[in-house]
Amino acid sequence: MVSPIRTLPPHLVNQIAAGEVVERPASIAKELIENSLDAGAERIEIEVEQGGVKRLRVRDDGCGIPRDELGLALSAHATSKIAALEDLDGIITLGFRGEALPSIASVSRLTLTSRPREAPEDTPAWSIGVGPDGTLESPQPAAHPPGTSVEVRELFFNTPARRKFLRTERTEFGHLEQVVRRIALACPEVGLVLRHNGRQVFDLAPAGGETARERARLAQLLGQSFAEQALTVTAEAVGLRLHGWVLPPAFSRSQADQQYFYVNGRMVRDKLVAHAVRQAFSDVLHHARHPAFVLFLELPARQVDVNVHPAKHEVRFRESRQVHDFLFSSLQRRLADGVLGERTPETGTIAPATAAASTHASSAAPLTPALATSGGQAGRVGTGARAAVARERSPVAPAGRVAERPARYQADLAFQHPRPAARDGGGETSSSPAPAAPAKPLSEVGGARPVQRQEEVEAADAPPLGFALGQVNGVFLLAQARDGLIVVDIHAAHERIGYERLKQAWARGRIVSQPLLLPVTLQVSRAEVELLETQRDTLARLGLVIEPLGAETLVIREVPALLRQAEIAPLVRDLLSDLTEHGRSRRLDAAIDAVLATMACHGAVRANRRLTIEEMNALLREMEQVERIDQCNHGRPTWVKMTHDQLDRLFERGR
């Protein structure tokens, strides 16, 4: 027999809503802390007992709630943050639905105490509780400073089926601590205190927007190593702004446990964002490793919809392709600049690699061919250390003009990369290069003289990576810079140099396609065949000629010449999957890059080869010219620096 349709009682409605909002104590902490932030709190204290299951209290110094609105605050869908449908198009607060407090109250013993900040000093605070059946108790006077406290006890006491899914105290507190950490990273201007079972876990003072203090908070929350190694990022375009920190690929992690992304101050987990970040790291990170970052994206509130998930973990961008491309290009340029690309926010000049400065992710200029050993004017200077050298010599030079490099290390830039002509399938000479050896043999490098005077190393126009001292174990190069000792992995650095030059040469020419002697047929879905029809011209420009052969069959007739030996069918399947999911794909680029990386590896300097001082200096100068030089093709570091202070500590000097 079919049950009659009935209206559910309000308390049951709130308990159902709690299933969407309240998953564990960490979910409650998130909702309550966000309410405190929306109330303008400058200091928030979180007290937890038994992982938050027994007791969780959040106290703030925000604007507070008047007595006559306390009961309303615990009513379903009562909020001060939106009033009309139009307000949903431009939400700037973290909470807005008004379902959190009544949902929490329906599965716990909740007490709300508040005193308005602007009330007269003799105005008492008032406290209100919720009974087991969901009825509101009468407000009672209470002792409380200006602000609001929400105390939650005995979580899921009335829903034992939910309570049995909770984990151990340690696990639940770990989730709650992570929530507090995420919010603390997003709000450096707010002081935060976290206590668990009477033990203080965090006591974070407000950073006040000062770069050094923000770095200090970063160190407290993610570790001193993260704060010291992180590259600062700042980029703006088309109404979008990206800022924050990203660890160099050499400091990647085995798990994605240090990835924090915020949209207008809201912590989100978004597939589009994750894909853009992963693509930006694709050429510098091993596939089994994960990048680490704390990034903030700011855009007009009407360009993002935050009302797509009950817990507000996900968002939807109105211009998703634009956001994806902005994130990808900004991070890719910043990683290309590397450690040598740090800029100070006050002057715009590039600081030494160890400086904790803000970074401006400017558009990357094309790399120019290396200078010949005959000397002469420097060519166009792009990002990274090349701009550093020019600006350190001439800080008042107009934008776009580059000061002439000192002649003593112009001669060191001697890695030449010719562009040999290639023949396409028709036998005609094409401008597309058939990539040759990635770098000029080191034995042919000459003209650079060893540095013997300390004054040359400490000079204002000394290059960022300094001058060579010698070679260790046939593998490492030692160089002295103004601010410390540089150690270079010779093979890894030369491999990256060759790889970047090969990519440039390939990009400059028209991609040559190779007709297949036996075309490859591929069974796909009807939707993928229709998708291919819209992308055929784009794929053809990449050297991949694919035609439909029936409603669910494709035939691959031509492939890029560099991929003629590759397994093309799986590549095309992955490419179609990317196009379906993201609207674009870099599968072909990645496959070509893999071939070029192999060629660069075989052409790089091998271990135990003895280099002269001139050859070592030539390698250092070339490293300063090349993008993404901080790590090799496999994501390992190519060079490290030990500062003078680190060397002093190592030998306990001055103690």
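Atoms considered below: every heavy atom in the structure, side chains included; atoms not considered: hydrogens, waters and symmetry mates. Counting begins at 1 with the first residue of the sequence.
Here the closest heavy-atom approach between residue D305 and residue N307 is recorded as OD1-N, 2.9 Å. The shortest non-hydrogen separation linking M267 to Y260 is CE-CA, 3.9 Å. In terms of heavy atoms, P300 sits closest to G239 at CD-O, 3.5 Å. Among all heavy-atom pairs drawn from A184 and L221, the shortest one is CB-CD1, 3.6 Å. Shortest non-hydrogen contact noted between T534 and L531 is OG1-O, 2.6 Å. Residues E558 and P515 come closest through the heavy atom pair CG-CA, 3.7 Å.
Not a single donor-acceptor pair under 3.5 Å links the side chain of R496 to the backbone N or O of I629. A donor-acceptor pair is defined here as one N or O able to donate and one able to accept, closer than 3.5 Å; such a pair exists between the side chain of N617 and the backbone of A468. Remark: side-chain polar atoms of E624 are paired, donor with acceptor, to backbone N or O of L465 under 3.5 angstrom. Put simply, the side chain of R573 gets close to the backbone of Q523: a donor and an acceptor are under 3.5 Å apart. Between the side chain of R636 and the backbone N or O of A492 there is no donor-acceptor pair closer than 3.5 Å. Under a 3.5 Å cut-off, the side chain of D270 and the backbone N or O of R316 do not form any donor-acceptor pair. A donor-acceptor pair is defined here as one N or O able to donate and one able to accept, closer than 3.5 Å; such a pair exists between the side chain of E528 and the backbone of S525. In this structure, the side chain of S329 engages the main chain of F326 through a donor-acceptor pair within 3.5 Å.
No more than 12 heavy atoms of other residues, nucleotides or ligands sit less than 6.0 Å from atom CZ of R170.
Note that the CG atom of L522 and the CG atom of L549 stand 11.0 Å from one another [nearest 0.5 Å]. In this structure, Q229 CD and F251 CZ are separated by 3.5 Å, a value rounded to the nearest 0.5 Å. Between E533 atom CD and L554 atom CG the span is 9.0 Å, to the nearest 0.5 Å. The CZ atom of R181 sits 8.5 Å away from the CD atom of Q258 when rounded to the nearest 0.5 Å. Atoms CZ and CG, on R334 and D337 in that order, are 5.5 Å from each other to the nearest 0.5 Å. With rounding to the nearest 0.5 angstrom, the CG atom of L240 is 10.5 Å from the CG atom of D325.
Residues K503 and R628 are in side-chain contact: their nearest non-hydrogen atoms beyond the backbone lie under 4.5 Å apart. Contact check for V294 versus F226: side-chain heavy atoms found under the 4.5 Å cut-off. Q471 is not listed as a side-chain neighbour of E615, based on a closest heavy-atom distance of 4.5 Å or more. Taking 4.5 Å as the limit, every side-chain heavy atom of Q303 sits out of range of all side-chain heavy atoms of N264. Contact annotation: the side chain of V472 never approaches that of V487 to less than 4.5 Å [non-hydrogen atoms, C-beta and beyond]. Between S252 and H290 there is no side-chain heavy-atom pair separated by less than 4.5 Å. Within the 4.5 Å cutoff, no side-chain heavy atoms of V529 are placed close to those of L532. Side-chain contact between Q259 and P291: present, with at least one pair of heavy atoms (C-beta onward) separated by less than 4.5 Å.
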Could you walk me through whether F317 and H324 pass side-chain contact (heavy atoms from CB on, under 4.5 Å), step by step?
CA-CA 10 Å; F317 298 104; H324 181 282; over 6 Å; no

What verdict does the side-chain contact (heavy atoms from CB on, under 4.5 Å) test give for V304 and R266, after you've listed the backbone C-alpha separation in whole Å, the side-chain angles of each residue and the deciding distance to 0.1 Å?
CA-CA 11 Å; V304 57; R266 184 189 304 276; over 6 Å; no

Step-by-step side-chain contact (heavy atoms from CB on, under 4.5 Å) determination, R24 to R167
CA-CA 9 Å; R24 57 190 352 139; R167 304 304 180 187; 3.8 Å; yes

H494 vs L619, test: side-chain contact (heavy atoms from CB on, under 4.5 Å). Steps then yes/no.
CA-CA 7 Å; H494 199 224; L619 180 62; 4.2 Å; yes

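With 3.5 Å as the limit, one finds no donor-acceptor pair spanning the side chains of Q631 and T638. One side chain, E298 or H243, offers a donor N or O that lies under 3.5 Å from an acceptor on the other. Side-chain polar atoms of D489 and W639 form no donor-acceptor pair below 3.5 angstrom.
Each of L242, V263, V238 was evaluated against L299; a single residue qualifies, V263, per the side-chain contact (heavy atoms from CB on, under 4.5 Å) test.
Ring geometry for F296 versus Y262: interplanar angle under 30°, hence parallel rather than tilted (30 to 60°).
A salt bridge links E34 with K30: the distance from a Lys NZ or Arg NE/NH1/NH2 to an Asp or Glu carboxylate oxygen falls below 4.0 Å. A salt bridge is defined here as a Lys NZ or Arg NE, NH1 or NH2 lying under 4.0 Å from an Asp or Glu carboxylate O, and R501 with E622 meets this definition.
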